[in-house]
Amino acid sequence: MADRKYSEDHEWVEVEGETGMIGISDYAQEQLGDVVFVELPDVGKMLDRGDEAAVVESVKAAAEVYAPVGGEVIEVNDALNGDPSLVNTDAFGDGWFAKLRLTDPAELDELMDEAAYKTFCEGLD
């Protein structure tokens, strides 16, 4: 997708207007294994870029999810409370974590596009 950007911590943000939807990449969910719990941020919470936005617990480990961009949490994916495995089955769709009202869209310029992220991940293996 042309408007999806990635962080080196394997979070993604997909932007539509002033809203950024965030989640973790397929690479991250594969590294975690089966996700069994997701702790989501509170709606209304202000996040700076790099702040802890969520916690993911899997059968292998627990991991923090960092905000790839700053903004106010305007919506969370409540479906993850009932079915955290959505992160594994559809990391870029139904497995999204939160939507943020972006505070500084210029932060997007510091993230990788899909091609750069793919190259970044290939260098990790």
Side-chain angles (χ1 to χ4, degrees):
M1 296 232 167
D3 59 349
R4 187 177 295 149
K5 300 280 193 157
Y6 299 84
S7 73
E8 291 185 355
D9 294 320
H10 307 286
E11 291 92 9
W12 56 262
V13 57
E14 187 173 295
V15 178
E16 184 174 324
E18 298 178 347
T19 302
M21 182 165 58
I22 64 172
I24 62 172
S25 69
D26 265 337
Y27 180 89
Q29 65 86 15
E30 287 173 9
Q31 297 299 309
L32 286 167
D34 294 336
V35 174
V36 295
F37 179 77
V38 178
E39 181 181 324
L40 299 169
D42 293 328
V43 172
K45 184 175 183 176
M46 292 299 298
L47 297 172
D48 288 329
R49 180 178 179 206
D51 282 354
E52 182 180 300
V55 176
V56 177
E57 293 182 22
S58 72
V59 294
K60 291 182 178 178
E64 292 81 22
V65 175
Y66 302 105
V69 291
E72 178 186 3
V73 178
I74 58 173
E75 185 179 349
V76 296
N77 185 359
D78 288 326
L80 294 178
N81 292 328
D83 187 3
S85 69
L86 291 171
V87 176
N88 294 116
T89 58
D90 194 8
F92 295 119
D94 292 339
W96 63 277
F97 285 42
K99 293 183 180 178
L100 307 178
R101 181 176 300 115
L102 304 180
T103 52
D104 184 5
E107 291 177 334
L108 295 165
D109 296 337
E110 300 174 33
L111 300 173
M112 293 178 273
D113 63 17
E114 187 165 342
Y117 179 70
K118 183 178 178 184
T119 301
F120 173 76
C121 289
E122 289 170 353
L124 299 175
D125 295 330

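- Between the CG atom in Asp113 and the OH atom in Tyr6 there is a gap of 9.0 Å [rounded to 0.5 Å].
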Next on the checklist: Applying side chain to side chain contact (heavy atoms under 4.5 Å, CB included) to Met112 and Glu8, what does each step give before you reach the verdict?
Outcome noted: CA-CA 8 Å; Met112 293 178 273; Glu8 291 185 355; 3.7 Å; yes

Checklist entry - Can you check side chain to side chain contact (heavy atoms under 4.5 Å, CB included) on Ser58 and Gln31, steps first, answer last? => result CA-CA 10 Å; Ser58 72; Gln31 297 299 309; over 6 Å; no

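- Taking each heavy atom of Thr19 and Lys99 in turn, the nearest pair found is CG2-CB, 4.0 Å.
- Both Val15 and Val73 sit in one connected hydrophobic cluster of ILVMFWY residues. Membership requires side-chain heavy atoms under 4.5 Å apart, directly or through other members.
- Using a 4.5 Å cut-off on side-chain heavy atoms (C-beta onward), Leu108 and Leu102 make contact.
- Heavy-atom minimum distance, Val36 versus Pro84: O-CG, 3.3 Å.
- When each of Thr89, Asn88, Asp83 is paired with Ser85, the side-chain hydrogen bond (donor to acceptor under 3.5 Å, both in side chains) condition holds for Asp83 and for no other.
- Scanning both residues, Leu47 and Ala53, for their nearest heavy atoms gives CD1-CB, 3.8 Å.
- Going from atom NZ of Lys45 over to atom CD of Glu72 covers 12.5 Å, rounded to the nearest 0.5 Å.
- Within the 4.5 Å cutoff, no side-chain heavy atoms of Ile22 are placed close to those of Glu11.
- Side-chain N or O atoms of Trp12 include one that pairs as donor or acceptor with a backbone N or O of Ile24 at under 3.5 Å.
- In the hydrophobic cluster analysis, where Ile, Leu, Val, Met, Phe, Trp and Tyr join through side-chain heavy atoms closer than 4.5 angstrom, Trp96 is grouped apart from Val65.
- Between Met21 and Phe92 there is no side-chain heavy-atom pair separated by less than 4.5 Å.
- With a 4.5 Å cut-off on side-chain heavy atoms, Glu110 and Arg49 count as touching.
- Proximity of a side-chain donor or acceptor of Asn77 to a complementary backbone N or O of Asp94 within less than 3.5 Å is detected.
- Residue Glu122 qualifies as enclosed at atom CD: its count of foreign heavy atoms under 6.0 Å is above 12.
- Hydrophobic clustering, with ILVMFWY side chains joined whenever heavy atoms are under 4.5 angstrom apart, keeps Tyr66 apart from Phe37.
- Summarising the geometry, atom CG belonging to Asp78 is positioned 7.5 Å from atom CG belonging to Leu40; distances are rounded to the nearest 0.5 Å.
- The same ILVMFWY cluster, assembled from side-chain heavy atoms under 4.5 Å apart, contains both Val43 and Val69.
- Scanning all heavy atoms of the two residues, the minimum distance from Leu32 to Ala61 falls at CD2-O, 4.5 Å.
- Contact record, Gly70 with Glu107: N-OE1, 2.7 Å, taken as the closest heavy-atom pair.
- The OG atom of Ser25 lies 13.5 Å from the NZ atom of Lys118; values are rounded to the nearest 0.5 Å.
- To the nearest 0.5 Å, the span separating OG1 on Thr119 from CG on Leu124 amounts to 11.0 Å.
- The two residues Asp51 and Met46 come nearest to each other via the heavy atoms OD2-O, 4.4 Å.
- Residue Tyr27 holds its OH atom at 7.5 Å from OH of Tyr117, rounded to the nearest 0.5 Å.
- At a threshold of 4.5 Å between non-hydrogen side-chain atoms, the residues Pro41 and Val76 count as touching.
- Residues Glu18 and Arg101 are not paired through a salt bridge, judged by the lack of any N-O separation under 4.0 Å between the basic side chain and the carboxylate.
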